[in-house]
Structure formats: structure tokens, C-alpha cells
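The sequence lines fix the lettering, A, B, ..., with proteins before strands; numbering per chain opens at 1.
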Amino acid sequence: MCKQMPVIALVDCNNFYVSCERVFHPDLEGKPVAVLSNNDGCVVARSAEVKALGVKMGTPAFQCAELFARHKVRVFSSNYTLYGDMSHRVMEVLRESAPRIEVYSIDEAFLDLSGLRAEPALSRSAGIRKTVGKWTGIPVSIGLGPTKTLAKIANRLAKKRPEWNGLFDLTGTDRRKAILKTVPVKEIWGIGPRYARLLQDRGLQSALDLSNCADWWIRKHLTITGLYTVFELRGQPCLDLEPVPAPQKSVACSRSFGSPISELPAIRQALCLYVQQAAVKLRGQGLLAGHIQVFLKTNSFKPGPRHEAHQGRPLPRPTAFTPTLLSKAREILEVLYRPGHAYQKAGVILSELKPASTRQLSLFDPDQEQQSRENKLMQALDRLNSKYGQDTVRIGLTGDSRKSWEMRRDRLSRRFTTAWDELPQAG
DNA sequence: TCTGGGGTCCTAGGACCC
DNA sequence: TCTGGGGTCCTAGGACCC
């Protein structure tokens with residue numbers, strides 16, 4: 001008996017951030033809406049109406065200002081607290097809909113629909129769309145395929161024509177070739193702009209062309225991951241569904257400054273805040289870091305002296321203790337900083353992570369008592385900040401008013417679904 | 001003048017993703 | 001005036017060892 005062909009569904013929320021905003025502003029249905037990245041830098045989500053205006057993903061916000069004004073586009077700063085919570089709701093519904101699911105990103109999940117004999121996968125997917133819409137208010141599209149890569153392609157197609165009702169099926173082999181011929185290589189999951197250009201220069205235009213390419217050439221120019229993509233296009237699964245997320249390998253916090261900074265004390269202050277936020281994330285996941293890296297850069301879009309530098313240091317022992325991380329970070333910053341540059345961005349990356357619970361505790365370790373004091377202190381700090389709002393208690397930072405380097409979030413919506421709703425209204 | 005070969009570990013850089 | 005942030009994986013090349 002031959003093995004049953006797997007059926008993978010990719011469920012993807014339509015214009016997710018825009019849809020989240022619309023759930024709480026029903027009057028925005030059918031109106032043009034855009035959501036900006038952190039720092040109000042670029043457009044990261046567009047309603048269908050904004051896409052129709054020709055605004056591309058990632059366009060700098062200032063380049064769209066006039067167009068947005070002219071078409072009365074409602075613009076929001078990104079509100080990740082809201083989106084994270086809405087994402088959680090969607091994923092809970094999906095978990096009820098399939099025996100195995102992989103949450104792939106804030107707005108996407110792979111579902112394993114193999115062997116669900118009772119209902120054909122396509123009609124089941126129609127049911128899932130309906131349920132998610134009814135329970136969360138978020139519209140989704142679903143693509144089906146025998147591999148993740150084909151499910152991704154099917155999902156893109158599902159969004160292409162309204163008459164397909166947000167569903168597309170690439171599980172069957174009969175029309176697959178004809179369809180892959182219409183898919184440009186740059187739209188394949190795993191093929192970014194560099195590889196797309198390389199392929200096009202070789203005369204490979206479509207997903208079908210790529211799937212027909214010689215394995216050795218792909219292996220040589222697109223590495224082993226590119227070869228997996230090609231196998232998956234041919235219907236041969238290489239990328240497993242991963243219901244349990246792999247442990248995270250790094251935790252980072254970086255920001256562009258609201259305006260460029262040249263003076264060391266101001267940069268130090270910004271970096272301190274980033275370190276504290278990274279440390280909060282670290283502890284929130286019950287992790288310790290064994291390595292810290294700091295970076296600093298000027299704006300590469302601007303003329304003038306450029307400087308970009310990063311440097312890492314091992315930590316004497318794995319830790320999530322903010323003061324230890326702060327002093328190491330400051331130490332590195334002193335080395336990286338050069339006077340006379342208008343810095344635009346800084347950040348910290350914590351890596352070599354391990355769970356706090358498995359760290360060796362020796363009974364006679366003289367450090368142990370101190371470590372236990374450190375843990376208690378950090379627990380108290382995290383409790384205060386989670387109860388009274390992030391950054392109620394900061395280490396080594398004065399709490400005075402908004403700094404020049406703090407990011408712009410001028411068009412933030414309210415945090416409808418979570419507590420501590422102290423933030424400004426949408427503008 | 002001649003100047004191996006193979007293994008491991010580490011890092012920087014380049015590609016990708018959402 | 002104004003161009004995000006947070007991740008992952010792979011490879012090449014250097015250092016080091018026997």
C-alpha cells in the first residue's frame with residue numbers, strides 16, 4: 001500500500017495588522033488603512049485599498065505622506081501588544097481545527113490535514129476560515145499543498161482572486177505544472193531578491209523553471225536550503241512541520257533613535273534601556289545568556305562620516321542579571337564609540353542562551369548566595385514593571401520626560417485587549 | 001629550495017524569513 | 001526632517017591540533 005500524500009495547509013491572516021486595527025474600528029472596513037513599523041519608519045501593513053494605490057511593502061512612511069493625505073488613508077503606529085494578543089486568539093482557534101499545528105509567525109500557521117478522511121481538506125479549510133472569522137474577526141486565507149513550500153504558493157494564489165474565496169489547492173498533481181509556470185521565482189518562499197536576480201540572469205523565470213533545474217547547480221549557488229526548496233516544489237517534503245518551537249538562540253533589542261545622536265552619554269542612556277528590555281525578555285523566557293554583543297551605527301542612507309561597529313564579550317557566567325549585563329554593555333560601548341559621528345541606531349544581542357533551571361548549582365559554590373539574591377532582586381523588578389507598566393523601575397536611568405532618542409509612535413491605537421491603557425489615542 | 005592532510009572549532013558575512 | 005526590528009541558517013576561511 002502506498003503511503004498517503006501529506007496535506008499541509010498554510011493559514012495566513014490577511015493584512016494582519018490592518019485587520020487587527022479594524023476589529024476595534026469597524027468603521028474602517030472598506031476604507032484605506034496602513035500600519036507603520038517601529039519609529040513610524042516604513043509601511044508594514046496595507047489594506048487592499050492601500051495596495052491598490054500602489055504602495056509597496058516597506059516603503060518609507062515619509063514618501064507616502066502626501067498620497068496618504070490625498071486619499072484619506074488612516075495611518076497607525078504599530079501596536080505589537082494588540083497584535084500579539086489577537087495572534088494568540090487566532091492560533092487558539094486553529095489549534096482546535098487540526099491535530100498538529102506549527103505557529104510559524106505572528107500571522108501564519110501550518111496545519112497538518114493529512115489523513116483527515118471525513119471531509120476533503122478543501123471543504124475543511126473553508127470551515128476553518130469561517131470559524132476564525134467568526135470568533136476573532138480576522139479574515140484568513142488558506143493554501144493547501146503536499147509540502148510547506150507548495151502550501152505557501154497556494155496561499156499566495158488564494159489571495160489573488162476574490163472568486164477563489166481565500167482558498168487554493170495545490171495538492172493534486174494534474175494542474176500543478178501549469179500553475180507553477182505562472183509563479184515568478186521571486187514569489188517562492190526561500191527565494192529572496194539576491195537569489196531571484198541570480199536565477200533570472202540564468203533565464204530561470206518561474207517556479208516551474210526552478211523545479212526543473214539541475215540539483216548540482218542549485219546546491220552550488222543556493223546552498224543546501226535552496227535545494228530543499230526545489231525538492232519541495234517538486235512535491236517532495238523536506239521541511240517538517242514543527243509543532244514544538246525550537247529553543248531560541250538569541251534575544252535582541254535594538255532601535256533607531258528618534259533623531260541622530262553624537263554624544264556618548266545619550267547613546268549610553270539609550271543602550272541601557274535596550275539592555276534592560278533584552279534582559280526582561282530573557283528572564284521572561286527563563287533563560288540565561290552566556291554572551292553579549294553590542295552594536296552601533298550611523299545612518300547608511302545619509303551622507304557624512306559613516307561608522308558601524310559591533311563587538312561581543314563572553315559573560316563570566318551565564319546570567320540574566322541586569323546590572324551585570326549593563327556593565328558589560330557599557331564597557332563595549334566605550335570601545336566602539338567614536339566622537340564626531342551622528343549615530344542612528346544601537347542595539348544589544350544576548351546569545352549562548354540556556355534555561356535558568358538547568359544551571360549547575362553547587363552546594364558549596366560561594367557565588368550561590370549572591371546569585372540567589374540577584375534572582376530575587378530581578379524577580380521583584382519584573383513584578384513591579386509588569387504590574388505598573390514597563391519601565392516603571394529602570395536601572396541607571398532617570399525617569400524624566402521623553403528623550404530625543406526615544407522612538408516615534410505618534411499614531412498609536414489604544415491597547416484594546418490588554419491592561420494599562422495609558423498610551424495616546426490614534427491620531 | 002622544500003613547506004601534508006585531515007579534523008575541529010570559531011567567526012564574519014551573506015542569504016533568507018516575517 | 002523622515003528609510004523597522006528580531007530572528008534563523010549556511011558557508012568560507014582562519015586558527016589550531018596531531
Side-chain angles (χ1 to χ4, degrees), chain A residues 10 12-13 15-17 34-45 55-66 68 75 77-80 83-84 87 102-110 148-149 152 155-156 185-199 218-229 238-239 242 245-260 274 277-278 281-282 285 290-291 293 295 297-303 308-314 342 344-353 404 407-411:
Chain A
L10 177 65
D12 186 310
C13 302
N15 330 320
F16 181 55
Y17 299 166
V35 177
L36 306 182
S37 65
N38 267 331
N39 228 7
D40 292 347
C42 11
V43 177
V44 291
V55 176
K56 298 272 177 275
M57 181 74 173
T59 309
F62 71 89
Q63 287 177 7
C64 311
E66 200 221 331
F68 283 178
V75 181
S77 299
S78 41
N79 184 343
Y80 290 104
Y83 310 150
S87 169
E102 172 185 338
V103 175
Y104 176 68
S105 75
I106 193 164
D107 69 337
E108 282 173 74
F110 290 103
K148 284 177 157 183
T149 304
K152 272 275 196 183
N155 187 282
R156 287 189 82 117
V185 284
K186 71 168 195 297
E187 291 185 9
I188 301 166
W189 187 44
I191 305 297
R194 300 297 278 263
Y195 285 168
R197 198 175 326 135
L198 175 75
L199 294 171
I218 299 295
R219 177 69 182 81
K220 184 173 168 199
H221 292 98
L222 274 63
T223 81
I224 188 76
T225 46
L227 192 55
Y228 292 154
T229 297
C238 294
L239 310 171
E242 286 162 21
Q248 204 171 321
K249 298 189 168 169
S250 65
V251 166
C253 183
S254 72
R255 295 275 176 281
S256 294
F257 306 134
S259 49
Y274 306 159
Q277 290 178 351
K281 281 196 225 174
L282 196 63
Q285 299 181 55
H291 191 267
Q293 189 184 350
F295 69 87
K297 58 176 292 208
T298 54
N299 190 338
S300 51
F301 292 100
K302 283 190 167 171
E308 188 169 349
H310 51 94
Q311 202 175 99
R313 300 276 164 86
Q344 175 239 355
K345 184 175 182 176
V348 60
I349 301 165
L350 305 173
S351 55
E352 288 173 26
L353 308 183
S404 65
M407 66 174 179
R408 286 184 298 272
R409 287 177 99 186
D410 296 337
R411 298 155 175 279

Please determine if a side-chain N or O atom of [X] lies less than 4.0 Å away from the OP1 or OP2 oxygen of [N].
X	N	result
A:T225	B:dC16	no
A:Q248	C:dG7	yes
A:K152	B:dC18	yes
A:K345	C:dG5	yes
A:S254	C:dG4	no
A:S256	C:dG5	yes
A:K302	C:dT3	no
A:R219	C:dC10	no

Among [options], which nucleotide has an atom closest to any side-chain atom of [X]?
X	options	value
A:N299	C:dG4, B:dG13, C:dT3	C:dT3
A:P60	B:dC17, C:dT3, C:dG6	C:dT3
A:S250	C:dG4, C:dC2, C:dG7	C:dG7
A:I224	C:dC10, C:dG4, C:dC2	C:dC10
A:Y104	B:dC17, B:dC16, C:dT8	B:dC17
A:A252	C:dG7, C:dG4, B:dC18	C:dG7

Nearest 0.5 Å, what's the [atom1]-[atom2] distance between [X] and [Y]?
X	Y	atom1	atom2	result
A:L36	A:F62	CG	CZ	12.5 Å
A:D40	A:S78	CG	OG	7.5 Å
A:D12	A:E108	CG	CD	4.5 Å
A:L227	A:C238	CG	SG	7.5 Å

For [X], which contact category applies under a 4.0 Å heavy-atom criterion: base, sugar-phosphate, or nothing?
X	value
A:I191	sugar-phosphate
A:A61	nothing
A:L227	nothing
A:Q63	nothing

Q.
In whole Å, measure the gap between the P atoms of B:dC17 and C:dT3 for me.
A.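 These two P atoms come out 24 Å apart once rounded.
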message = What's the gap between C:dC18 and B:dC2 when it is taken at their P atoms, as a whole Å value?
response =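 My reading of the P atoms in C:dC18 and B:dC2 gives 27 Å.
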Partner nucleotide, any strand, of C:dT11 [Watson-Crick/G-U, under 3.5 Å]: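 In the structure as shown, C:dT11 has B:dA12 as its Watson-Crick or wobble partner.
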Practice item. Could you tell me whether A:E102 and A:K148 make a salt bridge, using a distance below 4.0 angstrom between a side-chain N and a carboxylate O? Key: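 A:K148 and A:E102: salt-bridged.
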Find the distance [X]:[atom1] to [N]:[atom2] and express it as a whole number of Å.
X	N	atom1	atom2	value
A:E352	B:dC9	CD	C1'	13 Å
A:D40	C:dT3	CG	C1'	12 Å
A:Y83	C:dG4	OH	P	17 Å
A:K186	B:dC16	NZ	C1'	17 Å
A:Y195	C:dC9	OH	P	15 Å
A:E102	B:dC18	CD	C1'	13 Å
A:N15	B:dC18	CG	P	15 Å
A:E308	B:dG14	CD	P	11 Å

Residue whose closest nucleotide on DNA chain C lies nearer the 5' end, A:C253 versus A:T223
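The residue whose closest nucleotide sits nearer the 5' end is A:C253.
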request  = Classify the ring geometry between A:Y104 and A:W189 as parallel (under 30°), tilted (30 to 60°) or perpendicular (over 60°).
outcome  =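 Perpendicular, since the angle between the ring planes exceeds 60°.
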Looking at every non-hydrogen atom in both residues, tell me the closest pair between A:A252 and A:K281 and how far apart they are.
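What the structure gives for the nearest pair is O-NZ, 2.7 Å.
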